[in-house]
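Report on the following structure.
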Amino acid sequence: DLLDAITQAKKIRISTDLAIPPSGMMDSSMKPTGSDVEVAQLLAKDWGLELEFIQTTGATRIPNVQTGKADIIISTLSVTPERAKVIDFSKRYATLQSDIGCLKSLNVKDWPDLKDKTVGVSRGTTQDTMLSNMKDKELKIARYDDDATEVTAAVSGQVDCVGTSATIINQIGVKNPARIFESKIPLASFDLAIGLKKGEPRLLDKLNAWITENVKNGKLNAIYKKFHGVELPPDMRG
Amino acid sequence: MSIELDFPAVLERWPNFVGGAILTLELAFFATVSGALLGTLAAVGRGTHSRLIARICKVYVEAIRNTPLLVQIFLVYFGLASIGLKLSAFTVAVVALTINVGAYTAEIMRAGFEAIPRGQIEAAEGLALTRFQIYWHIILLPAVEKVYPALTSQFVLLMLASSVCSQISAEELTAVANYIQSDTYRAFETYIIVAVLYILLSLVMRAGFWGLGLVLFPRRRQLGTPL
Amino acid sequence: MGGHLNINHLLFLGHGALWTIGLSLIALVGGAAVGFVIALARISPLKSVRLLSAAYVQIVQGTPLLVILFLGYFGLAAIGLQTSPLVAAGASLTIYVAAYLGEIWRGSIQSVPKPQWEAAEGLALSRTQRMMKVILPQAVRIATPPTVGFMVQIIKNTSLASVVGFVELMRSGQIVNNSLFEPFVVYAIIAAVYFAMCYPLSLFSQKLERRMGRGSVNPALA
Amino acid sequence: MQQTASPTPIVSLRDVQKSFGSLKVLDGVSFAVERGEVLAIIGRSGSGKSTALRCIDRFEKVDGGEIIVCGRRVDLPDIDLRALRQDVGIVFQSYNLFPHLTIEQNITLAPCSVKRMGLSEAKALARKVLAQVGLEEKVHAYPEQLSGGQQQRAAIARSLAMQPKVMLFDEVTSALDPELTGEVLKVIEQLAADGMTMVMVTHEMGFARSIADRIVFMHRGKVHETGPASILTAPTTPELVQFVGTGNLKS
Amino acid sequence: MQQTASPTPIVSLRDVQKSFGSLKVLDGVSFAVERGEVLAIIGRSGSGKSTALRCIDRFEKVDGGEIIVCGRRVDLPDIDLRALRQDVGIVFQSYNLFPHLTIEQNITLAPCSVKRMGLSEAKALARKVLAQVGLEEKVHAYPEQLSGGQQQRAAIARSLAMQPKVMLFDEVTSALDPELTGEVLKVIEQLAADGMTMVMVTHEMGFARSIADRIVFMHRGKVHETGPASILTAPTTPELVQFVGTGNLKS
Ligand SMILES: Nc1ncnc2c1ncn2[C@@H]1O[C@H](COP(=O)(O)OP(=O)(O)OP(=O)(O)O)[C@@H](O)[C@H]1O
Ligand SMILES: Nc1ncnc2c1ncn2[C@@H]1O[C@H](COP(=O)(O)OP(=O)(O)OP(=O)(O)O)[C@@H](O)[C@H]1O
Ligand SMILES: [Mg+2]
Ligand SMILES: [Mg+2]
């Protein structure tokens, strides 16, 4: 099975999108970095394997493992029942806190205040799905292809509100001090898990064991804190 | 087959697909109409005696034809917002696509203008028609007729290229596909459906152009000459 | 995240530009070879061959390149054919380019005036001799400007190969932008690099066009 | 070079010079056309016949000399081109009908656009000029549905509809076979009988002889011989002798 | 319809039928050409002259009737086209020289490719046929550097180089002015004097009269009158009277 194949090749191929900061991105010397990147590196080191990143775009993360181009996905995959029909998920290795962030000067306290404001999101993210399902709240949603475009939309004034992780919300003010954004309404916390092809129970068990161990020893929490500025939620810190 | 295809799971989102396809068609329609106008003007501009106007038109055509559409869209979308002009994604998409296809249309139309035999223009000059009357009555329609297949292809390509508008939050067909496939993780089913829809849309457009050709070129209709 | 544009970013972009050039070359060489066959098939005396090639052209021209690339890479893998990204991208681009070049060249071949075909026939030349010695040398002159014009479009369209994992110019720009969040700077650079690659070709095609004294009617891509 | 000096010529060229690049095409051409006169310009290929004709309607700018048409100085840069062309009708060898318009639309276009004539009036006019050239039944046909001779007659009708004071013809029959040529020449004969002033470049020696009041024989950009039609039967210069000689092969 | 029955005609058409769609273009055409004979086909535009000529070299398939050329049944589907065309040379109104090749290359192409002649031998042949048409000095020129008459003569030379048994000419002079026409007709006269079998469609009545052994007058897809050149001066059918009558306008 896949686990044997990996062990035999002494190499693990991990599907990661390197254009979704702060989980996957490039540092100033154009080396991969980010929370997912370090998780992947930790995993490869622990298992004594060589690590190969399969560069993907958001849309091709899943087909890469489905068709055997990559072994697993570590790329801010959040778990939903719908998606679980198509691939298997490990236990969560992190959670992602998402908020509605708005221009600081904007008087937004609760959902009704968002009426006739446009909320920018990254298309196809779980934030997108959540907001889209809130039919009763009469939200106007602008979907961008990735976080960078979403941030640019906020920076340039195309939108005054965004639905994304707290880390990204803070990034907007850094880019344009005239438009500082802050978290206004907590949206949800999503579980992030490692994705793999269906029907690989041995690999799945091994991943789960590895996650349990590294949650316990605090390594995953350290990585998360380094990039997201906050700790994992208490119930995950063991 | 290493994966199971489950089309019904994706097809149950058909209203989204239809919505996306309609938006794609709308984008293509408006950009085609205004792009045809802009391109024709630019083609006329390139042929004027005013050096300045000809130069401006040439720079426009070359700058657009040699840079990617995506970059153009970003520059219009974020550029306009940065100077405080907040237009809807749809408007921006139409504007950017118009600017883009206008440049290609200009080149095609120029070829059409040049394909009008000199004798036709001299005959019109001999009849004392003004420059504008000559363009309007003698050059425009026959030129369009000559390059109609190229124009048609160009506008179908524009429709296909409008997929990059998903980047600036226009909910056209590709955007819908991205949304659905990241929601369901059923990329294959989604892409196959999208491919079929795009082929259908291109057939719809070609049929539309065929019909328009019947109206525009009464002579062909009357004599039964195919385009 | 954040930070300023530095030499590493530029090197990264340069690396992406090299891939863009490489992919373009593959697309053009492969597309030209297959496109030539398509062009001949489109004017074949056999109706079935004509219909098949026409259907091929119609379908490929109606499908976005992105979808072709996706199905070429993941679709083949799904039915058990593992291909490397390079092979998949090469094959998909070839399929795509061939449909367009095939059409451009068919038009050029058919635009060689009918009397030329008849004159060659009247001299008892065989079908191949007529094609090789009389028709193609003339068609090449007609076909060159639209072909070069189309090459410009291909250079820009290779950006879609990012879907199969290529970090070519556009994708490398996206990656840089997503770590810098400086879209205006990054995209201006990308636009400039594309312009530097495409404009010489555009100029060349215009020169050819002018030398031959005719306008090129190329079904160019957006 | 003999020049027919007479009261008020409707067209007159004096010492006209014209070069294309380094090629001198017209080298001091002078002739004049009286009201109601028919002038035929003959000469071998490349001798400058078409160029001379085109200069009269200012399709070419001249480099020197003087051209006066209906009292207008055509050689000057500030000439009112559109006024000139309302007075002058020109018909080319390649008929240049507008292929996307019906014969009627071809004819009514200029009267409606230029003279602001009403559509119904223009249509009546179209019928009148088409009758003049014997093409009444073709008003609604498109040019490509007509034979060459019919197309050429329609082109003449289109010019006539602008009621020009002088008509220029440039080898209007040389693309036609003998029978179609006959049709067109009959129309021109009729125009001549009606008193239209005409300048025609032609290869039809027989026709030139029978219809032209005066012949201008051009050779290498100069008017080499000029005189009444009889010079064709009794040419004096060796060049005209040779030219008429080869021309006879056509007969 | 009179048919010249005689020993072994090199070209013979018997009751040839040909339609384009619903248009009957050839309606039972029969005539024959003897070895060394010069046949001129005349008739008004659209009467089917070109079509008849094209059928002889099988550029058109016939619907019925029989065509025999150099002993080959051209009407049958299994004809060896390339063998036929080695025996028949055809020259069109639009000279159709290959613009991308020099005159020499135009001429040597077929002998080298079809007859597998050596290049030096082919070049010598090119010089010979060019001498025949008086164009020796143009061997290395490209077609566009030649005048119309020269191009047409080069096209004739190209056909001659294949040493055909019969030559077909379709209005080879009608795109030319009288002087250039003269050049080409001289070449054809010389060929006739050398005994070449020729079928020519022509509008040059004078030329047809002086060179043709026999005239075929076509009218509405039929051979309406046929006979020696003298029928042109004494036509018997009203159609030929009318045709020659209008043709006279050309002289
Ligand atoms: N626009 C032009 N540019 C350059 N040369 C030209 C141009 N028009 C005509 N010529 C040259 O000028 C000369 C005279 O041309 P023109 O057409 O007046 O001759 P023509 O007497 O009408 O001959 P033909 O009987 O063949 O029509 C020719 O040598 C021709 O090549
Ligand atoms: N390929 C074709 N398809 C349809 N109709 C044709 C075709 N070729 C010729 N015809 C028609 O057949 C008729 C005879 O044509 P053909 O060319 O033989 O006439 P022609 O006697 O050579 O006339 P011309 O003197 O004008 O050359 C014409 O009415 C013509 O329109
Ligand atoms: Mg002329
Ligand atoms: Mg003919």
Side-chain angles (χ1 to χ4, degrees), chain B residues 1-3 5 31 61-63 65-72 74-75 78-79 82 97 100-101 103-104 107-108 110-115 146-147 149-164 173-174 177 187-188 191-192 194-196 198-203 205-206, chain C residues 58-68 70-71 74-75 77-80 100 103 107 145-146 149 152-153 155-157 159-160 163 169-170 173-174 177 183-184 186-203 206 209 213-222:
Chain B
M1 202 72 164
S2 58
I3 49 168
L5 290 186
V61 167
E62 291 304 332
R65 293 206 319 153
N66 291 298
T67 52
L69 173 59
L70 179 61
V71 173
Q72 294 157 12
F74 274 147
L75 291 183
F78 297 126
S82 300
L97 290 174
N100 183 271
V101 80
Y104 289 97
E107 277 303 277
I108 296 176
R110 190 169 64 95
F113 289 167
E114 283 170 6
K146 281 194 166 55
V147 297
L151 276 181
T152 307
S153 308
Q154 188 62 59
F155 291 126
V156 172
L157 285 168
L158 164 81
M159 186 272 291
L160 295 176
S162 71
S163 64
V164 303
L173 191 47
T174 302
F188 288 101
Y191 274 105
I192 289 170
V194 162
V196 170
Y198 270 113
I199 291 173
L200 283 180
L201 285 185
S202 70
L203 289 178
M205 278 187 79
R206 284 187 191 277
Chain C
Q58 185 62 48
I59 288 175
V60 172
Q61 292 197 344
T63 315
L65 177 55
L66 179 75
V67 175
I68 300 179
F70 183 89
L71 295 179
F74 297 111
I79 56 171
Y100 284 92
E103 275 304 89
V152 175
Q153 315 310 316
I155 292 178
K156 293 192 275 168
N157 273 325
S159 68
L160 294 166
V163 75
L169 183 53
M170 183 63 89
Q174 270 172 355
N177 181 42
F184 285 105
V186 174
Y187 285 114
I189 293 175
I190 292 179
V193 177
Y194 273 111
F195 190 83
M197 290 195 277
C198 296
Y199 188 58
L201 277 178
S202 292
L203 272 186
Q206 278 167 27
E209 203 180 298
R214 59 196 305 286
S216 79
V217 184
N218 57 340
L221 305 186

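Residue numbers begin at 1 in each chain, while the letters A, B, ... track the order of the sequences. Both backbone and side-chain heavy atoms feed into the values below; hydrogens, waters and symmetry mates do not.
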Over all heavy atoms of both residues, which pair between B/P68 and C/Y194 is shortest? Give the atoms and the distance, please.
CG-CD1, 3.2 Å
Does one side chain, of B/E62 or C/Q206, offer a donor that lies under 3.5 Å from an acceptor on the other?
yes
State the OG-CD distance between B/S153 and C/Q61, to the nearest 0.5 angstrom.
6.5 Å
Whatever's closer than 4.5 Å to a heavy atom in chain C on B/L203 counts as side chain
Hey, could you give me the CG/OG distance between C/L160 and B/S163, rounded to the nearest 0.5 Å?
7.0 Å
Give me the atom names and distance for the closest heavy-atom approach of C/Y199 to B/N66.
CD1-ND2, 3.5 Å
Contact part of C/I59 toward chain B, heavy-atom cut-off under 4.5 Å: side chain, backbone, both or neither?
both
Over all heavy atoms of both residues, which pair between C/G62 and B/L160 is shortest? Give the atoms and the distance, please.
O-CD2, 3.6 Å
Set of residues satisfying ring-ring contact (aromatic ring centres under 6.0 Å, His included) with respect to C/F70, sequence neighbours excluded
B/F188, B/Y191, C/F74
Go through B/L70 and C/M170 one step at a time and tell me if the side chain to side chain contact (heavy atoms under 4.5 Å, CB included) criterion holds.
CA-CA 9 Å; B/L70 179 61; C/M170 183 63 89; 3.8 Å; yes
Please classify the contact of B/T67 with chain C as side chain, backbone, both or neither, using a heavy-atom distance under 4.5 Å.
both
Heavy-atom cut-off 4.5 Å, strictly under: side chain, backbone, both or neither for B/A115 against chain C?
neither
Could you please spell out the steps behind the side chain to side chain donor-acceptor pair (under 3.5 Å) verdict for C/Q153 and B/Y104?
CA-CA 11 Å; C/Q153 315 310 316; B/Y104 289 97; 2.8 Å; yes
dist B/L157:CG -> C/N157:CG (nearest 0.5 Å) comes out at 9.0 Å
Do you know which two heavy atoms are closest between C/P64 and B/Y198, and how far apart they sit?
CG-CD1, 3.3 Å
Roughly how far, to the nearest 0.5 Å, is CZ of C/F195 from CZ of B/R65?
10.5 Å
Side chain, backbone, both or neither of B/A103 within contact of chain C (heavy atoms, under 4.5 Å)
neither
Tell me the closest heavy-atom pair linking C/Q58 and B/R206, and the distance in Å.
NE2-NE, 3.6 Å
